[in-house]
Peer 1: 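Dropping a structure here in structure tokens format, bear with me for questions.
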2 protein chains.
Amino acid sequence: MATIKDVAKLAKVAPSTVSRVIANNPRISDKTKERVRKAMDELGYHPNFIARSLANQSTQAIGVVIHSSTDKAFQNPFFPEVIRGISKGAHQKHYALHMSTGETEEEIYEGVVQMVEGKRVDGIIVLYSKVDDKLTSYLKDKNFPFVIVGKPFKDMERITHVDNDNYRAAKEVTEHLISLGHKEIAFVGGNLNFVVTIDRLLGYEKAIRNAGLEYRDDYIVHEEFLEEGGQEAVKELFSLKLPPTALVVADDLMALGVLNKLSAMKIQVPSDVSIVSFNNFLLSEIAFPPLTTVDINIYMLGCEAARHIIQQIEEPSEPVKRVIVPYELVIRQSAKKHAGPARILDLEA
Amino acid sequence: MATIKDVAKLAKVAPSTVSRVIANNPRISDKTKERVRKAMDELGYHPNFIARSLANQSTQAIGVVIHSSTDKAFQNPFFPEVIRGISKGAHQKHYALHMSTGETEEEIYEGVVQMVEGKRVDGIIVLYSKVDDKLTSYLKDKNFPFVIVGKPFKDMERITHVDNDNYRAAKEVTEHLISLGHKEIAFVGGNLNFVVTIDRLLGYEKAIRNAGLEYRDDYIVHEEFLEEGGQEAVKELFSLKLPPTALVVADDLMALGVLNKLSAMKIQVPSDVSIVSFNNFLLSEIAFPPLTTVDINIYMLGCEAARHIIQQIEEPSEPVKRVIVPYELVIRQSAKKHAGPARILDLEA
DNA sequence: TTGTATGCGTTATCAG
DNA sequence: CTGATAACGCATACAA
């Protein structure tokens, strides 16, 4: 394989000159540039990235960290979509992606330490945010460039992150349900260790309280995924003396699970119960009924994360930033005006 | 940051000795090993991966190539699941993953060339297989280690690949439908440029012909995704003089789209029409009705791909291999015995 | 069993 | 504008 020296020899210049041609250094005459370039393709020369990285102390690669791959939620389409966004942002600046996953939390932590200490990446994007995360603390202590997709559990003003305003989105979506005449609104969320779940729950609560509705603990359900356990959860929700007429579900995939259980229980959506959820995956459009959902713009989340980590890498003095990606309520057919008993109550009032 | 020299100095040995300790070279006395190790953690030393790569001519990283990220199919859960498998296989052997994506086909091709020529990876896993693929030819010509997930379009016996027997799976699943009494069976597939689509179509055809049923062109529909266009496709299928009573759908996500259109058209699954599909995503279980589908074991597909590319990297004389991952027909509720007019025909016969 | 010297392919510093 | 030369951090052949 041709090296810089071979090119130098063929073009009858010094290796350093070739290096400068690669960098398109303006202090090289056009004539020699020409000559060197000719030699380069004559030899099919491509610079060795590893050698360059060593000399440069920069890899042009950004590390991507995802939570444990054993997690069922891993099959969530959030992942490919955010990667797609990251790729876009990274590609523009000629950065590549580097991943080191593991099964256990400890394994992934070790993997990240390896990539940081081993200098395999210039910066890191953490694709989740959870309570008391060891990794975040490590990165912060090391003062290694990183950004979080989501809201940091702590040190928010000291960690660059890109997030949606999940609190407001949840509030808004709940208010949407309220404006539709619903009063019995339940919340079906995911793992409370993730900050996003907390935010959405809080937004839901705020809307409920603002509207003067009762905030009931038995209307709050948390499930990793709507399989066995979740089945029970939904069943319980609808065996309450006062079952909900509407559901705020934390994620489209979960909403799909809810839809399934409901169908099995002969409960119709949206005529018997309305559902709104989050994320707007491709599948939320092809669900039946198509889901009314909050489009959180996952692609942009990824793209911005990439742009900002690169900014931080290339300009270390860059201040900490909080990037809020806009969301949009996409009205489809899973939520509609409440037309049950509660309405009658309305008329009586 | 501490280097090997600092450790050497502190432990009062030569740098080369430290290097040998890292490699756990048996020719170093336990006593000095001890001393060096102590120095290592005293300094918080971690080897520099880049430097090591340069000296070694090996990066311990494997490149992962996915098809154009603009593709809608990118949101397909196949992706995270196969990555999960790859991670598993790679992690065991201490390999990391490297990705370089692009929007256009040309961009991703260039990205791969960069990672190959730039020596950023030791081998490559190509996560798709399509007709006349430029990339495959390049890798083959370069004689660079790579494996394909799927069946190579050509040079099958000269390219290591891991695949399902999609032909047989499709045949079997079609026969399942036939055994259920269906005679009007349509095929809803994806892009015919992908070998997997071709294989599944062929298996379907074989089963149809074996059973002495008519192979009808108007029963074959191809859609990227069941959005606008697909809506039409399904509609047309069911406006035929003799509409199908069962559908073989090439992918669960598409099946979900079909389910949606059918619901909208008031066609019931499985009472009016049966559906079987492929992949067994998480969502196929939570669809309504839960999908009868072929579990192609995506995780194992990824895991085996990783294992074999690593084998090929570490043992270049390793022969070309064809790895067939088993599939399994998962019977759920989207397909059942045919009980319509065709049955009456049976009785008449 | 350990140390010395050299190379991996670039970039950067300093002369000229 | 261009050429030597020294890093970058580690591995390894050869010596001892």
Side-chain angles (χ1 to χ4, degrees), chain A residues 1-40 43-61 94 114-122 314, chain B residues 1-40 43-61 94 114-122 314:
Chain A
M1 191 115 297
T3 77
I4 211 172
K5 285 183 189 167
D6 302 321
V7 176
K9 212 163 291 174
L10 184 61
K12 297 194 193 312
V13 295
S16 51
T17 302
V18 178
S19 175
R20 287 191 262 257
V21 172
I22 295 171
N24 201 14
N25 188 317
R27 308 187 315 187
I28 299 289
S29 76
D30 287 354
K31 205 159 60 183
T32 40
K33 270 187 189 171
E34 209 49 48
R35 197 149 39 92
V36 170
R37 294 219 171 93
K38 196 167 133 251
M40 296 202 317
L43 293 174
Y45 169 81
H46 283 261
N48 182 316
F49 235 94
I50 301 297
R52 176 182 286 197
S53 294
L54 185 59
N56 272 343
Q57 304 285 57
S58 115
T59 62
Q60 294 280 110
H94 307 288
Q114 296 299 332
M115 62 190 193
V116 170
E117 309 282 353
K119 304 217 176 321
R120 289 186 101 163
V121 299
D122 297 338
E314 299 188 342
Chain B
M1 190 113 299
T3 77
I4 212 172
K5 284 183 191 167
D6 303 319
V7 177
K9 212 164 292 174
L10 184 62
K12 298 192 194 312
V13 294
S16 53
T17 301
V18 178
S19 176
R20 289 182 183 113
V21 173
I22 295 171
N24 201 14
N25 187 317
R27 309 188 315 186
I28 299 289
S29 75
D30 288 354
K31 206 158 61 183
T32 40
K33 269 187 188 171
E34 208 48 48
R35 196 148 41 93
V36 170
R37 294 219 171 94
K38 198 167 129 249
M40 295 202 317
L43 294 174
Y45 169 81
H46 282 261
N48 182 316
F49 235 95
I50 300 296
R52 174 183 288 200
S53 295
L54 186 59
N56 273 343
Q57 304 285 58
S58 115
T59 62
Q60 293 280 111
H94 306 289
Q114 296 299 333
M115 62 190 193
V116 169
E117 309 281 353
K119 304 218 177 317
R120 289 186 100 164
V121 299
D122 297 338
E314 300 188 341

Peer 1: How many whole angstroms separate atom CG of B:Asn24 from atom C1' of C:dT1?
Peer 2: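 Those two atoms, CG and C1', are 15 Å apart.
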Peer 1: Given side chains that start at C-beta, do those of B:Ile4 and B:Pro47 come closer than 4.5 Å, heavy atoms only?
Peer 2: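 A side-chain contact is absent here, since even the closest heavy-atom pair is not under 4.5 Å.
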Peer 1: Could you check how far CE of A:Met40 sits from P of C:dT10, rounded to whole Å?
Peer 2: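 Atom-to-atom, A:Met40 to C:dT10, this comes out as 11 Å.
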Peer 1: So do the side chains of B:Val13 and B:Val21 get within less than 4.5 Å of each other, counting heavy atoms only?
Peer 2: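 Not touching, per the 4.5 Å side-chain cut-off.
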Peer 1: How close or far is atom P of C:dG9 from atom NZ of B:Lys119, stated in whole angstroms?
Peer 2: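 My rounded result for the distance is 8 Å.
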Peer 1: State, with a plain yes or no, whether a side-chain heavy atom of A:Lys38 is found less than 4.5 Å away from one of A:Lys33.
Peer 2: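 No, side chains not in contact.
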Peer 1: Rounded off to whole Å, could you give me the CD1-to-C1' distance for the A:Ile4 and C:dC8 pair?
Peer 2: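 Roughly 13 Å, once rounded to whole Å.
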Peer 1: Can you check whether B:Asn25's main-chain N or O pairs, donor with acceptor, with B:Arg20's side chain at less than 3.5 Å?
Peer 2: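 Between the backbone of B:Asn25 and the side chain of B:Arg20 there is no qualifying donor-acceptor contact (under 3.5 Å).
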Peer 1: At under 4.0 Å between heavy atoms, what does A:Phe49 touch on the DNA or RNA strands: base, sugar-phosphate, or nothing?
Peer 2: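 Nothing: the residue A:Phe49, judged by heavy atoms under 4.0 Å, touches no strand.
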Peer 1: If you walk 5' to 3' along DNA chain D, what is the first nucleotide with an atom under 4.0 Å of a heavy atom in chain B, and what is the last?
Peer 2: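 Going 5' to 3' along DNA chain D, contacts run D:dG9 to D:dC14.
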Peer 1: Could you check which residues of residues 12-21 of chain B get a heavy atom under 4.0 Å from DNA chain D? Sort them by number, please.
Peer 2: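 Close to the strand are B:Ser16, B:Ser19, B:Arg20.
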Peer 1: Check this one for me: any side-chain N or O of A:Gln57 less than 4.0 Å away from OP1 or OP2 of C:dA12?
Peer 2: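 Indeed not, no polar side-chain atom of A:Gln57 lies that close.
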Peer 1: Do A:His94 and B:Gln114 make a side-chain contact, defined as non-hydrogen atoms from C-beta onward lying under 4.5 Å apart?
Peer 2: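 A:His94 vs B:Gln114: side chains apart.
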Peer 1: Any donor and acceptor pair, going by atom type alone, linking the side chain of A:Asn56 with main-chain N or O of A:Ser58 inside 3.5 Å?
Peer 2: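 Answer holds: no.
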Peer 1: Give a yes-or-no answer on whether the side chains of A:Ser29 and A:Thr32 include a donor-acceptor pair shorter than 3.5 Å.
Peer 2: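 Present: a donor and an acceptor within the cut-off.
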Peer 1: Checking side chain to side chain contact (heavy atoms under 4.5 Å, CB included) for the pair A:Asn48/A:Met1: CA distance, chi angles, key distance, verdict?
Peer 2: CA-CA 10 Å; A:Asn48 182 316; A:Met1 191 115 297; over 6 Å; no
Peer 1: Can you tell me how far C1' of C:dG9 sits from CZ of A:Arg52, to the nearest Å?
Peer 2: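 Rounded to the whole Å, the gap is 11 Å.
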Peer 1: Would you say CD of B:Glu34 has more than 12 non-hydrogen atoms from neighbouring residues, nucleotides or ligands within 6.0 angstrom?
Peer 2: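 Open.
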Peer 1: Could you pull out the closest heavy-atom pair between B:Arg52 and B:Ile22, with the gap in Å?
Peer 2: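 Heavy atoms of B:Arg52 and B:Ile22 come nearest at NH2-CG2, 3.1 Å.
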Peer 1: Considering all heavy atoms of both residues, which atom of A:Asp122 and which atom of A:Thr59 are nearest to each other, and what is their separation?
Peer 2: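 Heavy-atom minimum between the residues: OD1-N, 2.8 Å.
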Peer 1: Using whole Å, report how far CD1 of A:Ile50 lies from C1' of C:dC8.
Peer 2: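 In whole Å, C:dC8 C1' lies 11 Å from A:Ile50 CD1.
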Peer 1: In residues 25-37 of chain B, which ones come under 4.0 Å of DNA chain D, going by heavy atoms?
Peer 2: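 The answer is none.
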